[in-house]
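Every chain is numbered from 1 and lettered A, B, ... according to where its sequence line falls, protein lines coming before strand lines.
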Amino acid sequence: MFDAVTTWYRHNRRDLPMRSDHVSPWATLVFEVMSQQTPIPRVQPIWERWMERWPTPVDLARARRSDVLVAWDHLGYPSRALRLHACAQVIANRPGSRVPADMDALLELPGIGPYTASAVASFSFHQRVPVLDTNIRRVLTRVFDGRQFARKSAPSRAEQNRAWSLLPDEGDACALWNVAIMELGALVCTQRAPLCDQCPISERCRWLADGQPADAVKPRGQAWAGTDRQARGRVMALLRDAHASSAERVGRDAVIEAATLPGAPADQAVQVVDALVNDGLIEVDRRGTYGLPD
DNA sequence: AATTCGGGGGT
DNA sequence: ACCCCAGAATT
């Protein structure tokens, strides 16, 4: 399994800048945070500009949150940007301002959960830990369980045990294994139309052997049009533009207008703006004008 | 375990 | 129109 997947990886991997050997642990951490629920192609250009501007945790720790939110641009889930900023400040106060190398310490950091902690621990520090992202979970579920998709909820204990059991003995090999099987899920064992004829482990795949049975229809996800998230996104876009162009603040009327969606309940805009203030993503001054925090 | 948190490109 | 995407925090 290891040889088949890693050999495939060597010949088929994408040439991503963040996989370069001279990428720092901090740069890797930033990339993994940006990649949470966000496709790689959209992350890449923003990550490159970001690391040029704030190469180290100390650099980002000193930045203003408003500049951080503008640089985050439209990556989505802007609370991630604030958590990353807070994370930089925690790391900047550690000895040597170093990114911690072990899982327990990484998990203490703001915005760093099981996936990101394991990715940094494995890819940057070659710790012997499994990585269970959406791609790897899908591959392992198909190969071993014969099901089309992993469960929507967090990885079960059984999934984690299996991931551990597949790890090679050495940390270096684990890093290669993790990135290789992740890439296999991203390029071959895809969500929609897996390319099983190109898969190096198709012979051992229970799902393929069973005739690719389809899972039961999954419950529908959250709609988009008219949601709080859409309204919040509009407010953030308005304030990003205002800050980026002239560092100007915006009156309440304009903010409420941005938060008002066609056909939405009348009180949605007000509630959304209040929630953004509460989340620390926007601020009101004494005159009642709005802007990005600090 | 279920919800909430953006945004855009593919199908 | 709907789907998902190198998830995390909160309840």
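Pairing partner, B:dG6: none, since no Watson-Crick or wobble contact has both distances short of 3.5 Å.
For the pair A:Ile136 CD1 and C:dA6 C1', the interatomic distance rounds to 8 Å; values are reported in whole Å. When rounded to the nearest whole Å, the span between CD of A:Glu183 and C1' of C:dC5 equals 14 Å. Atom P of nucleotide B:dT3 and atom OH of A:Tyr77 are separated by 15 Å, given to the nearest angstrom. Across the protein-nucleic acid pair, A:Met34 atom CE and C:dC5 atom C1' stand 16 Å apart, rounded to whole Å. For A:Leu239 and B:dG6, the CG to P distance is 13 Å, given to the nearest whole Å. For the pair A:Leu109 CG and C:dG7 P, the interatomic distance rounds to 18 Å; values are reported in whole Å. For the pair A:Arg234 CZ and B:dG8 C1', the computed distance is 15 Å after rounding to whole Å. At whole-Å resolution of the value, CG in A:Leu29 and C1' in C:dA8 are 13 Å apart.
Although no hydrogens or angles enter the test, the distance criterion places no donor-acceptor pair under 3.5 Å between the side chain of A:Gln44 and the main chain of A:Ile40. Between the side chain of A:Ser35 and the backbone N or O of A:Thr38 there is no donor-acceptor pair closer than 3.5 Å. The closest donor-acceptor contact from the side chain of A:Asn135 to the backbone of A:Gln191 lies at 3.5 Å or more, if one exists at all. Listed for the A:Gln127 side chain is no donor-acceptor partner under 3.5 Å among the backbone atoms of A:Met103. Put simply, the side chain of A:Arg94 gets close to the backbone of A:Arg98: a donor and an acceptor are under 3.5 Å apart.
Within 4.0 Å of A:Arg151, counting heavy atoms only, lies no atom of the nucleic acid at all. When heavy atoms are screened at a 4.0 angstrom cut-off, A:Pro41 is found touching no nucleic acid atom at all. At the heavy-atom level, A:Leu16 lies under 4.0 Å from base atoms of the strands shown. Within the 4.0 angstrom heavy-atom criterion, base atoms lie near A:Gly76. Residue contacts for A:Arg137: at a heavy-atom cut-off of 4.0 Å it reaches no nucleic acid atom on any strand shown. At the heavy-atom level, A:Arg42 lies under 4.0 Å from base atoms of the strands shown.
The gap from the P atom of B:dT11 to that of C:dA6 amounts to 14 Å, rounded to the nearest Å. On the P atoms, C:dT10 is 14 Å away from B:dG6, given to the nearest whole Å.
Between A:Pro39 and A:Ser153, it is A:Ser153 whose nearest contact on DNA chain B lies nearer the 5' terminus. Sequence order on DNA chain C of the closest nucleotides to A:Glu32 and A:Leu107 puts A:Glu32 first from the 5' end. Remark on DNA chain C: of its neighbouring residues A:Arg192 and A:Gln37, the 5'-side contact belongs to A:Arg192, judged by nearest-heavy-atom nucleotide. Position along DNA chain B of the nearest nucleotide to A:His74 versus A:Ala154 favours A:Ala154 as the more 5'-ward residue.
When the side-chain nitrogen and oxygen atoms of A:Arg83 are compared with OP1 and OP2 of B:dC5, none of them lie within a distance under 4.0 Å. At the phosphate of B:dG6, neither OP1 nor OP2 sits under 4.0 Å from any side-chain N or O atom of A:Thr227. A close approach under 4.0 Å does occur between a side-chain nitrogen or oxygen of A:Gln191 and OP1 or OP2 of C:dC4.
Contact of A:Tyr115 with C:dG7 (side chain to base): no donor-acceptor pair of N or O atoms is detected under 3.5 Å. No hydrogens or angles were tested; on distance alone, nothing pairs the side chain of A:Thr134 with the base of C:dG7 as donor and acceptor under 3.5 Å.
Considering all non-hydrogen atoms of both residues, A:Phe123 and A:Met182 come closest at CZ-CE, 3.6 Å.
Clustering ILVMFWY residues whenever any of their side-chain heavy atoms sit less than 4.5 angstrom apart, transitively, puts A:Trp207 in a cluster other than the one holding A:Phe149.
Counting only heavy atoms from C-beta on, A:Thr116 has its side chain closest to C:dA8 among C:dA8, B:dG7, B:dC5.
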